[in-house]
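Just below is one structure, and these are the notes that go with it.
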Amino acid sequence: VSTQSTWDTWVGAVVGAIPPVMGVAAATGALGIPAVAVGFLLFVWQMPHFMALSFMCKQDYQKAGYKMLSAIDPQRAAKVTLRHEIYLLIGVPLLFSTLCSMAFLVESLAIHIWFLSRSKDFIRNPDAESARGLFLLSLYYLPIIMLLMIIHRLGEEDQTDILGVAGLFS
């Protein structure tokens, strides 16, 4: 796909998100909110992560004949990072609202604002420095979000649908 279309990143993101979804579904016995939330998180996170990485390596991709968005249209690649960070900013609290305490929602906001800021920097000035900053933050993002999920996880008896999303997946 990489030599044919810029859709390779999206295809790779789906492939990257499926194994964790399968693991959560197997562990919980259902393809419910926890599995959907983890799949969403991993799929959407891959866009800012990989757009920044591919921007830093765009000459190598061009030499190899890959049609990477960052090599063809760097400004559009930067916009993809911002759009997907907005998805994370809205989607992660929404999907995890039934699984984690309100403290998770508040504390995760800090890293989302930081991620959003780096994405905006990348749009304003799509260069190696802004891409590297966004990429490095993307490496910290998942462990921090997952640690917050562990710390603020609600027991099954305490899980409530405070934002009304449970009905979307049943």
Side-chain angles (χ1 to χ4, degrees), residues 1-21 23-24 34-97 99-100 103-153:
V1 174
S2 295
T3 60
Q4 305 297 315
S5 166
T6 59
W7 282 96
D8 58 346
T9 307
W10 283 265
V11 171
V14 169
V15 171
I18 289 174
V21 169
V24 172
V36 170
V38 167
F40 173 85
L41 171 67
L42 293 173
F43 174 81
V44 176
W45 164 84
Q46 288 181 73
M47 292 305 140
H49 171 77
F50 195 75
M51 290 295 166
L53 175 62
S54 65
F55 184 89
M56 293 186 301
C57 303
K58 67 181 175 181
Q59 287 80 17
D60 295 330
Y61 285 116
Q62 287 170 329
K63 286 179 193 173
Y66 292 136
K67 294 187 175 185
M68 303 304 293
L69 187 58
S70 59
I72 294 169
D73 189 348
Q75 190 62 41
R76 187 165 163 224
K79 289 178 182 176
V80 167
T81 66
L82 180 62
R83 180 177 65 232
H84 283 77
E85 173 44 34
I86 291 169
Y87 295 161
L88 287 172
L89 175 68
I90 296 167
V92 167
L94 182 66
L95 287 169
F96 286 96
S97 66
L99 307 171
C100 299
F104 168 80
L105 303 178
V106 173
E107 291 174 9
S108 68
L109 188 59
I111 193 162
H112 283 109
I113 290 171
W114 189 16
F115 212 173
L116 191 59
S117 172
R118 290 288 183 161
S119 294
K120 287 169 73 177
D121 290 345
F122 189 45
I123 283 181
R124 281 189 212 111
N125 191 17
D127 61 11
E129 183 179 339
S130 63
R132 187 176 290 96
L134 178 61
F135 175 73
L136 291 174
L137 178 57
S138 76
L139 295 177
Y140 292 115
Y141 175 84
L142 277 182
I144 290 170
I145 287 294
M146 290 184 180
L147 180 61
L148 289 173
M149 290 183 327
I150 291 167
I151 292 169
H152 299 297
R153 181 185 178 279

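In this text, all values refer to a predicted model and were calculated from it rather than measured experimentally.
- When every heavy atom of Gly12 is checked against every heavy atom of Gln46, the shortest pair comes out as O-OE1, 3.7 Å.
- Here the side chains of Met68 and Lys58 are not in contact, with every heavy-atom distance at 4.5 Å or above.
- Under the 4.5 Å side-chain criterion, counting only non-hydrogen atoms from C-beta, Lys120 is in contact with Leu82.
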Audit row: Met149, Leu99, side-chain contact (heavy atoms from CB on, under 4.5 Å) steps and yes/no: CA-CA 8 Å; Met149 290 183 327; Leu99 307 171; over 6 Å; no
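- In this structure, Leu89 and Leu116 approach most closely via the heavy-atom pair CD2-CD2, 4.1 Å.
- In plain terms, the two heavy atoms of Phe96 and Val38 that are nearest each other are CZ-N, 4.1 Å.
- Side-chain contact between Cys100 and Leu105: absent, with no pair of heavy atoms (C-beta onward) separated by less than 4.5 Å.
- Atoms CG and OG, from Leu134 and Ser138 in turn, are 6.0 Å apart once rounded to the nearest 0.5 Å.
- The two atoms that bring Phe104 and Val92 nearest to each other are CZ-CG1, 3.8 Å, heavy atoms only.
- Within 6.0 Å of CZ in Arg76 there are 12 or fewer heavy atoms belonging to other residues, nucleotides or ligands.
- With Ser54 contributing its side chain and Ser70 its backbone, the two residues share no donor-acceptor pair below 3.5 Å.
- With Glu85 contributing its side chain and Ser119 its backbone, the two residues share no donor-acceptor pair below 3.5 Å.
- Using cut-offs of 30° and 60° on the angle between ring planes, the pair Phe115 and Tyr141 is tilted.
- Of the residues listed (Trp10, Tyr61, Phe50), the one engaging Leu69 in a side-chain contact (heavy atoms from CB on, under 4.5 Å) is Trp10, and it is the only one.
- For Leu139, the side-chain contact (heavy atoms from CB on, under 4.5 Å) test picks out His49, Phe135, Leu136, with sequence neighbours left out.
- The 12-atom threshold is exceeded at CD of Gln75, counting heavy atoms of other residues, nucleotides or ligands nearer than 6.0 Å.
- Interatomic distance, CG of Leu53 versus CE of Met51, reported as 11.0 Å (0.5 Å rounding).
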side-chain contact (heavy atoms from CB on, under 4.5 Å) evaluation trace for Ile123 with Lys79: CA-CA 6 Å; Ile123 283 181; Lys79 289 178 182 176; 4.1 Å; yes
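- With salt bridges taken as basic N to acidic carboxylate O contacts below 4.0 Å, none links Asp121 and Arg118.
- How far CG of Asp127 is from CZ of Arg132: 9.0 Å, rounded to the nearest 0.5 Å.
- Across every non-hydrogen atom of Pro74 and Phe55, the tightest pair is CB-CE1, 3.6 Å.
- Atom NZ of Lys63 is separated from atom CG of Asp60 by 6.0 Å, given to the nearest 0.5 angstrom.
- With hydrogens and angles disregarded, a donor-acceptor distance shorter than 3.5 Å links the side chain of Ser130 to the backbone of Asn125.
- Atom-to-atom distance recorded for Trp114:CH2 and Ile144:CD1 is 6.0 Å, nearest 0.5 angstrom.
- Among all heavy-atom pairs drawn from His84 and Val44, the shortest one is O-CG1, 3.1 Å.
- To the nearest 0.5 angstrom, Trp45 atom CH2 is 4.5 Å from Leu142 atom CG.
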